[in-house]
Novice: 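This structure is in structure tokens; I'll ask about it shortly.
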Amino acid sequence: MKKIVYMVFIVSFGFVVFASADVIQPKNVIIMIGDGMGFNHVEAGSYYRFGRSKGQKYWELTTLAMQTYSLNNATGYDPQKAHVDFNYVKDTPTDSAAAATALSTGYKTQNEMIGELENGDALPHIMEDAEALGKATGVLTTVYFSHATPAGFIAHDHSRRSYEEIAIEMIWKSKVDLIIGAGHPWFDDDGKQVGGFAPNRFATSLNYDRVGGEKSWKNLLEGKPAADADGDGKPDAWTVLTTREEINKLTEEENPGRILGVLPVYSTLQQRRSGDEHAKPFEIPLNKTAPTMVELVSAALHILSQDPDGFVLMAEGGAIDWTSHKNQSGRMIEEQIDFDRAVEFVIEWIEKNSSWEETLLVVTADHECGYLTGIGSDPLMLPLTNRGAGVEPGMEWHSDKHTNQLVPLFLKGVGSDLITKVVVGVDEKYGAYVDNTAIAHSLRSLWESSLPPKLTFLVKPYLQQADKDRITILWETNIPSQAEVRYGEATFHAEQANLSQVSKDASLKTLHEMTLQNLKEETNYFYQVVATDENGSVMESEVLSFKTKVRDDSAYSFAVFSDTQTNPSVWGRIAQLAWAERPHFAVHTGDIVGNGNDKTQWVEHFLNPGHVLMSRIPIYIILGNHDKDAPLYYAYIANPAPEYYYTFTYGNAQFFLLDSCRDVSSGSEIHTWLDRALSQSRSVWKFVVHHHPPYTSDENDYGDTYKELSLLGDPDVQPLIPLYEKHNVDMVVFGHIHDYERTWPLRNNRIDHQNGVVYIQTGGCGGGLENYAPTRSWFTKKVHRDHHFCLINIHENQLMFQAIDRNWNLFDTFTMEK
């Protein structure tokens, strides 16, 4: 049984779904998706198998239609146009990624996107909702498991083509209990081993991307633990199954743990097997080593149903779509029949092992594929011709792509009536239809009242803007809460931390920002954040510490970071190393996340991995190009106004931070401000911080150095160089290029040891590493290619600089003196 950790929020698309407090909720939910399956695909399978229309058992269920368009289609589905213009449904159809996202999250998105809104924001899947309710979860498919539809119920990615990244999220980051599908890197589509392969032998010539890469596959086979799926606080390893026999034996297993079935074919169980791909159904022998879909759902139901809280299973007949793309009539019928038999098995399983009073069954498609019709269609859509059982019906294809035709939707069980109530239109041929977002919204409305929300930190406390008498603390809770910060000076011989002072904010909100005032200069404090929700539930953070700004003549140290991007493991490691050095504060030169509009990246890729450091020292941050000047930057980061440029002092140094994605040319707002601010500075040391490089030896960002000369820096920020030299700036730090480079002291584009400015490129906190030009630049003093951070120590007129890699090796150091 899974541990309950949060509660879901309900937002509906185009309609409101209400569930009364006494509504019966489904204990189990089974969603079966025939990928690419239109009404005529169903009809073709019925004619071939039964010799009649509507022979499948699911026609006994409640029957509706469903619209499938994505946000790429601005006009949606028009039932009148669909029956007047034969080609109307071929215009801007959805793909499986957007369709699966709508089914799984209740939100429309752009084609290619997996579990994300069009702006990159991550969406909650109904699998995550189910896990929050303590239910077991699983997905299975007849194609590889990192394909769009199964991925669309678990993962979050801007591109469905990012198979390796998607597989890594599904396997190593999700809390799903069962995943079964194709994608075995050691087998071809006939179920034969490739490359003369032997067990426990690895070769980079084989394609491991469907299982997350070669390292991921090796770790799986070695039993490395993944995410904590059962909520006991410990990571849970997968039981990896790779044969038909092992899958079938699951029906005899009790509590086998997490199941990852990687079936012994690469792409699909049957569709891509050798032989005439346009042969009649079942004329080419099937892969005997590949299980049927009935065998897959039988194993999955046996495992998942052992959870006393119930389960959610998504089962996909994925290759109906693949056969339709290639207009393979015979193989499409094979795949349709395989899917139909699996649905029949599920219906029988529910009636034998569960009941319609506790289980909801949804049978549908993500979209239609191939534009399948009867012979002689266009301009009219004619019906298929029944030629009797065991004979292909008369039919023809009008596309090798998806369409926006309505698809069938079959329902039965507890909660099904809620879905039938959100009809959005009536089609003259297919009748009433709902939107493909209705399933997720209806489920959430049914589950909504199950549990009171549990107050948790979405983002743990972190520090901003330490001054001599104040400091700012931010944090975020998952539900609105009141805020309280307990704090006090560190004292000698204390039995426990002094938290005698209190600052409160009674307003209910999720994102909190509180400034503690009237503090003492250069003093150590302890603090603890306390949150209280409207129901009176109280949550306390751990006791943390900070130090106010030091006196102007004191020694101090600060860390420099850049390009943390979407690499929380590297950033978390570097944050720990930096904290071990106990700096007074830190600066960050931008590209904080990979997509500034993605809340998940801010929370999971930057703020939480950096908690060990950011909860104890303030960090001063400026925007990079990946941050996109997004509202989330201004929400999560509390800089002095206007925040896209600002200055602050610490000790005897002044720092000037500016957004180099904006216009910084002479006469611009930022250029004018910087000129004035630098001229007014009376600090001993002057540092400028921005994202883009005035000087760099990068191999390809500013000219391909294997073909041509480089610009040796970003032309858009080079107008700032005269200001640095005019006002005697000591050091400029920046990132953007993901490696390390230090210049000689420079002035007037020449090395000047007496009056030059030192430029430090330090883009090494997570972004994919880049490289240098093949020849050394005239200004280069030191280069290094590794993830890293910088540490600067200052006392009066002496400065010591250190560059430290992720293995805590010192790879560059120098001193400056005034």
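Positions are given from 1 along the sequence. Note that these values count all heavy atoms, side chains included, but never hydrogens, waters or copies made by symmetry.
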Novice: Glu358 side chain to Lys27 main-chain N or O, any donor-acceptor pair under 3.5 Å?
Specialist: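 Checked: no pair found.
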
Novice: Would you name the heavy atoms of Met170 and Ala155 that are closest together and state the gap between them?
Specialist: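 Smallest interatomic distance, heavy atoms only, reads CG-CB, 4.3 Å.
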
Novice: Can a salt bridge be assigned to the pair Lys108 and Asp435 using a cut-off of 4.0 Å between side-chain N and carboxylate O?
Specialist: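 Between Asp435 and Lys108 there is a salt bridge, with a charged N closer than 4.0 Å to a carboxylate O.
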
Novice: Do Ile30 and Val362 have side chains that approach each other closer than 4.5 Å (heavy atoms only, starting at C-beta)?
Specialist: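 A side-chain contact under 4.5 Å is absent here.
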
Novice: Let me confirm one number: the CD1-CG distance from Ile419 to Leu360, rounded to the nearest 0.5 Å.
Specialist: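 Answer rounded to 0.5 Å: 5.5 Å.
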
Novice: Donor-acceptor pair, Arg258 side chain versus Val176 backbone, under 3.5 Å?
Specialist: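 Judged by distance alone, yes, a pair lies under 3.5 Å.
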
Novice: Any sub-3.5 Å donor-acceptor pair from Asp228's side-chain atoms to Gly233's backbone N or O?
Specialist: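 Confirmed, Asp228 side chain pairs with Gly233 backbone.
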
Novice: In Å and rounded to the nearest 0.5 Å, what is the OG1 to CG distance from Thr242 to Leu221?
Specialist: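 Interatomic distance, Thr242 OG1 to Leu221 CG, rounded to 0.5 Å: 8.0 Å.
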
Novice: Using 4.0 Å as the upper bound for N to carboxylate O, is an ion pair formed by Asp95 and Arg160?
Specialist: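 Counted as a salt bridge, because a side-chain N and a carboxylate O are separated by less than 4.0 Å.
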
Novice: Working to the nearest 0.5 angstrom, can you tell me the gap between Leu263 CG and Glu295 CD?
Specialist: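 Between atom CG of Leu263 and atom CD of Glu295 there are 10.0 Å.
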
Novice: Starting from the C-alpha separation in whole Å, work towards a yes-or-no answer on salt bridge (Lys or Arg N to Asp or Glu O under 4.0 Å) for Glu60 and Lys57.
Specialist: CA-CA 6 Å; Glu60 299 173 7; Lys57 195 172 181 62; 3.7 Å; yes

Novice: Tell me, do Asn28 and Val312 make a side-chain contact under 4.5 Å, heavy atoms counted?
Specialist: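 No. Closest side-chain heavy atoms not under 4.5 Å.
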
Novice: Is a side-chain N or O of Lys175 found less than 3.5 angstrom from the main chain of Glu128, in a donor-acceptor match?
Specialist: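 Absent.
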
Novice: Do Leu140 and Ile179 make a side-chain contact, defined as non-hydrogen atoms from C-beta onward lying under 4.5 Å apart?
Specialist: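 No, their side chains stay 4.5 Å or more apart.
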
Novice: Would you call Phe187 and His184 a side-chain contact if the rule is heavy atoms closer than 4.5 Å?
Specialist: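 Yes - at least one pair of side-chain heavy atoms lies under 4.5 Å apart.
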
Novice: Measure the CD-OG distance between Gln336 and Ser324 for me, rounded to the nearest 0.5 Å.
Specialist: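 It comes to 8.5 Å.
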
Novice: Checking side-chain polar atoms at under 3.5 Å, does Thr477 have a donor or acceptor matched by the opposite partner on Ser481?
Specialist: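 Yes - a donor-acceptor pair under 3.5 Å links their side chains.
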
Novice: Can you name the closest pair of heavy atoms from Ser159 and Ile166 and give their distance?
Specialist: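 Result for this residue pair: O-CD1, 3.6 Å.
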
Novice: State, without any angle test, whether Ser569 and Asn567 hold a side-chain donor-acceptor pair at a distance under 3.5 Å.
Specialist: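 Judged by distance alone, the side chains do pair up.
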
Novice: Examine distances only and state if a side-chain atom of Asp236 and a backbone atom of Asp230 form a donor-acceptor pair shorter than 3.5 Å.
Specialist: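 Here the side-chain-to-backbone pair exists.
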
Novice: May I have the step-by-step check of side-chain hydrogen bond (donor to acceptor under 3.5 Å, both in side chains) for Asn595 and Gln601, ending in yes or no?
Specialist: CA-CA 7 Å; Asn595 177 356; Gln601 291 187 16; 5.9 Å; no

Novice: Taking the six-membered ring where the residue is Trp, are the ring centres of Trp475 and His611 under 6.0 Å apart?
Specialist: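 Judged by ring-centre distance (under 6.0 Å), Trp475 and His611 do not meet the cut-off.
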
Novice: Are more than 12 heavy atoms, taken from residues, nucleotides or ligands other than Glu534, located less than 6.0 Å from that residue's CD atom?
Specialist: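 No, CD of Glu534 has 12 or fewer neighbouring heavy atoms, counting only those of other groups under 6.0 Å.
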
Novice: Set out, in order, the CA-CA distance, both residues' side-chain angles and the distance that settles side-chain contact (heavy atoms from CB on, under 4.5 Å) for Lys135 and Trp447, then state yes or no.
Specialist: CA-CA 12 Å; Lys135 298 181 183 295; Trp447 287 337; 3.9 Å; yes

Novice: Assess the side chains of Thr141 and His147: does a donor N or O sit below 3.5 Å from an acceptor N or O?
Specialist: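 On atom types as modelled, these side chains do not qualify, holding no pair under 3.5 Å.
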
Novice: Keeping the roles fixed (side chain from Asn608, backbone from Leu458), state whether a donor-acceptor pair exists under 3.5 Å.
Specialist: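 At least one qualifying donor-acceptor pair exists.
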
Novice: Can you tell me how the ring of His402 sits relative to the ring of His325, calling it parallel under 30°, perpendicular over 60° and tilted otherwise?
Specialist: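 Judged by the thresholds at 30° and 60°, the geometry between His402 and His325 is tilted.
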
Novice: When you compare the side chain of Gln565 with that of Val593, does any pair of heavy atoms fall below 4.5 Å?
Specialist: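 The answer is no, as the side chains (C-beta and beyond) never meet within the 4.5 Å cut-off.
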
Novice: Is the closest basic N to carboxylate O distance between Arg444 and Asp129 below 4.0 Å?
Specialist: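 Yes, Arg444 and Asp129 are salt-bridged.
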
Novice: Classify the ring geometry of Trp59 against Phe410: parallel below 30°, tilted from 30° to 60°, perpendicular beyond 60°.
Specialist: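 Answer is perpendicular, since the angle exceeds 60°.
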
Novice: Could you check Ile350 against Leu361 for side-chain contact (heavy atoms from CB on, under 4.5 Å), going step by step and ending with a plain yes or no?
Specialist: CA-CA 9 Å; Ile350 293 171; Leu361 173 63; 4.0 Å; yes

Novice: Taking the six-membered ring for Trp and the full ring for Phe, Tyr or His, determine whether the centres of Trp349 and His302 are under 6.0 Å apart.
Specialist: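 For Trp349 and His302, the ring centres are not under 6.0 Å apart.
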
Novice: Would you kindly say whether Ser216 and Trp172 are connected by a side-chain donor-acceptor distance under 3.5 Å?
Specialist: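 There is such a pair between these side chains.
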
Novice: Spell out, as yes or no, whether a donor-acceptor pair under 3.5 Å connects the side chain of His125 to the backbone of Met127.
Specialist: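 Answer holds: no.
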
Novice: Keeping the roles fixed (side chain from Gln271, backbone from Thr268), state whether a donor-acceptor pair exists under 3.5 Å.
Specialist: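 No; judged by distance alone, with no hydrogens or angles, the pair does not exist.
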
Novice: Give me the atom names and distance for the closest heavy-atom approach of Asp189 to Asn287.
Specialist: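 Heavy-atom minimum between the residues: O-ND2, 3.0 Å.
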
Novice: Taking the side chain as everything from C-beta on, heavy atoms only, tell me whether Trp238 gets closer than 4.5 Å to Ile259.
Specialist: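 Trp238 does not reach Ile259 side chain to side chain.
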
Novice: When rounded to the nearest 0.5 angstrom, what distance separates CH2 in Trp356 from OG in Ser416?
Specialist: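 With rounding to 0.5 Å, CH2 (Trp356) is 9.0 Å from OG (Ser416).
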
Novice: Is the gap between the ring centers of Tyr636 and Phe606 under 6.0 Å?
Specialist: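 Not close enough - the centres of the two rings lie 6.0 Å or further apart.
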
Novice: Regarding Asn436 and Tyr69, do their side chains bring together a donor and an acceptor under 3.5 Å, going by distance alone?
Specialist: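 No, Tyr69 and Asn436 have no side-chain donor paired with an acceptor closer than 3.5 Å.
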
Novice: Which heavy-atom pair separates Ile114 from Ala148 by the least distance, and what is that distance?
Specialist: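 Closest approach of Ile114 to Ala148, heavy atoms only: CD1-O, 3.6 Å.
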
Novice: Step by step, would you call Phe153 with Thr137 a side-chain contact (heavy atoms from CB on, under 4.5 Å)?
Specialist: CA-CA 10 Å; Phe153 276 75; Thr137 55; over 6 Å; no

Novice: If you measure from the Lys or Arg side-chain nitrogens to the Asp or Glu carboxylate oxygens, is any gap between Glu165 and Lys173 under 4.0 Å?
Specialist: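 No salt bridge links Glu165 with Lys173.
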
Novice: Ignoring hydrogens and geometry beyond distance, is a side-chain donor-acceptor pair present between Ser354 and Thr359 at under 3.5 Å?
Specialist: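 Present: a donor and an acceptor within the cut-off.
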
Novice: List the steps, then state whether side-chain contact (heavy atoms from CB on, under 4.5 Å) holds for Thr364 with Val407.
Specialist: CA-CA 7 Å; Thr364 190; Val407 297; 4.0 Å; yes

Novice: For the residue pair Tyr266 and Tyr144, does the interplanar ring angle fall in the parallel (under 30°), tilted (30 to 60°) or perpendicular (over 60°) class?
Specialist: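 If you compare the ring of Tyr266 with that of Tyr144, the planes turn out tilted.
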
Novice: Checking the side chain of Asp35 only, and the main-chain atoms of Ile320 only, is there a donor and an acceptor separated by less than 3.5 Å?
Specialist: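 Checking the backbone N and O of Ile320 against the side chain of Asp35, no donor-acceptor pair under 3.5 Å is found.
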
Novice: Would you say Thr149 and Glu316 are linked by a side-chain donor-acceptor pair, where the criterion is simply a distance under 3.5 Å?
Specialist: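 Result is yes, a qualifying pair exists.
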
Novice: For Lys460, does the NZ atom have more than 12 heavy-atom neighbours from other residues, nucleotides or ligands under 6.0 Å away?
Specialist: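 Not buried by this count: 12 neighbours or fewer within 6.0 Å.
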
Novice: If every non-hydrogen atom of Thr94 is compared with every non-hydrogen atom of Ser70, which pair is closest and at what distance?
Specialist: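 Looking at all heavy atoms of both residues, the closest pair is OG1-CB, 3.5 Å.
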
Novice: Please round to the nearest 0.5 Å and tell me the distance separating atom CE of Met66 and atom CD1 of Ile439.
Specialist: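 Between atom CE of Met66 and atom CD1 of Ile439 there are 5.0 Å.
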
Novice: Closer than 3.5 angstrom, by distance alone: can the side chain of Thr63 be matched with the main-chain N or O of Leu61 as a donor-acceptor pair?
Specialist: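 Judged by distance alone, yes, a pair lies under 3.5 Å.
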
Novice: Heavy atoms only: give me the nearest Phe145-Ala167 pair and the separation to one decimal.
Specialist: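 Scanning both residues completely, I find the closest heavy atoms to be CE1-CB, 4.4 Å.
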
Novice: Report yes or no: do Glu335 and Thr323 form a side-chain donor-acceptor pair below 3.5 Å?
Specialist: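 No, no side-chain donor-acceptor contact under 3.5 Å.
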
Novice: Say whether Glu604 and Thr600, considering side chains only, have a donor N or O and an acceptor N or O under 3.5 Å apart.
Specialist: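 Thr600 and Glu604 do not have a side-chain donor-acceptor pair below 3.5 Å.
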
